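Read through the structure below, which is laid out as structure tokens, and then see the notes.
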Amino acid sequence: VLFRSMVSKYRQVRYEDAGINQYQWSTSRDQRVRDSHKHLQGKIFRFDQPPVTDLATGARNNPGEDFNCRCVAIPVLSTANMLEFDYADK
């Protein structure tokens, strides 16, 4: 559980370092996906403004951060992302 959360956070940092601030929510698309995550499938969010993932508590999480979450963030690339990234610094 902790490993998934750490991998999710690592990916987020890498994406943000590359100037990518948005992602598309992607579930595992199976019967184990929780209802509160099913409605997020395919929607676009910002890493700094995660969606509500627990309707009862109002908790907000990016994919993979919620307990036992198997969802992933698919980076959303835009021309602005590519123009802002300085390849010489990487």
Side-chain angles (χ1 to χ4, degrees):
V1 175
L2 180 60
F3 179 73
R4 277 190 214 143
S5 179
M6 289 172 51
V7 169
S8 176
K9 196 61 166 171
Y10 172 77
R11 287 181 179 155
Q12 176 183 339
V13 169
R14 296 289 297 174
Y15 294 149
E16 289 177 324
D17 283 350
I20 300 167
N21 299 310
Q22 294 182 312
Y23 62 87
Q24 182 179 41
W25 190 287
S26 180
T27 68
S28 297
R29 296 183 182 193
D30 61 20
Q31 67 276 10
R32 296 187 323 168
V33 174
R34 61 190 89 184
D35 289 337
S36 61
H37 290 202
K38 283 181 187 176
H39 77 279
L40 301 174
Q41 171 64 35
K43 294 184 179 175
I44 306 294
F45 301 99
R46 291 181 53 86
F47 285 110
D48 61 352
Q49 297 173 346
V52 173
T53 55
D54 186 329
L55 301 175
T57 66
R60 294 178 172 273
N61 292 288
N62 288 310
E65 293 179 352
D66 209 355
F67 182 77
N68 276 341
C69 179
R70 299 173 297 131
C71 300
V72 295
I74 307 298
V76 173
L77 301 176
S78 70
T79 307
N81 293 136
M82 290 184 241
L83 293 175
E84 290 176 11
F85 186 72
D86 184 359
Y87 291 95
D89 290 341
K90 303 297 174 196

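Treat the numbers as computed from the prediction; the structure is a model and nothing was measured.
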Tyr15: partners by ring-ring contact (aromatic ring centres under 6.0 Å, His included), with sequence neighbours left out: none

Any donor-acceptor N/O pair, Gln22 side chain to Val76 backbone, under 3.5 Å: no

Other residues, nucleotides, ligands: >12 heavy atoms within 6.0 Å of Arg46 CZ: yes

Residues in side-chain contact (heavy atoms from CB on, under 4.5 Å) contact with Asp30, at least two apart in sequence or another chain: Ser28, Arg32, Val33, Arg70

Carboxylate-amine/guanidinium proximity below 4.0 Å for Lys38 and Asp35: yes

For the student: nearest non-hydrogen atoms of Ile20 and Pro75, plus distance: CG2-CB, 3.9 Å

Minimum-distance pair of heavy atoms, taken over all atoms of Pro50 and Asn62: CB-OD1, 3.4 Å

Leu77 with Tyr23, same ILVMFWY side-chain cluster at under 4.5 Å: yes

Glu65 and Ser8: side chain donor to acceptor below 3.5 Å: no

Arg34 atom CZ: more than 12 heavy-atom contacts under 6.0 Å: yes

Pairing residues for Gln24 by the side-chain hydrogen bond (donor to acceptor under 3.5 Å, both in side chains) criterion, not counting sequence neighbours: none

side-chain contact (heavy atoms from CB on, under 4.5 Å) between Asn21 and Glu16, worked out: CA-CA 6 Å; Asn21 299 310; Glu16 289 177 324; 4.1 Å; yes

Side chain proximity check, Lys9 to Gln12, heavy atoms < 4.5 angstrom: yes

Leu40 with Ile74, same ILVMFWY side-chain cluster at under 4.5 Å: no

Polar side-chain atom of Ser36 near backbone of Thr53 as donor-acceptor pair, under 3.5 Å: yes

Asn61 side, atom CG; Trp25 side, atom CH2 - distance, nearest 0.5 Å: 7.0 Å

Residue pair Arg11 / Val72, side-chain heavy-atom distance below 4.5 Å: yes

Note, Cys69 side chain near His37 side chain (heavy atom, < 4.5 Å): yes

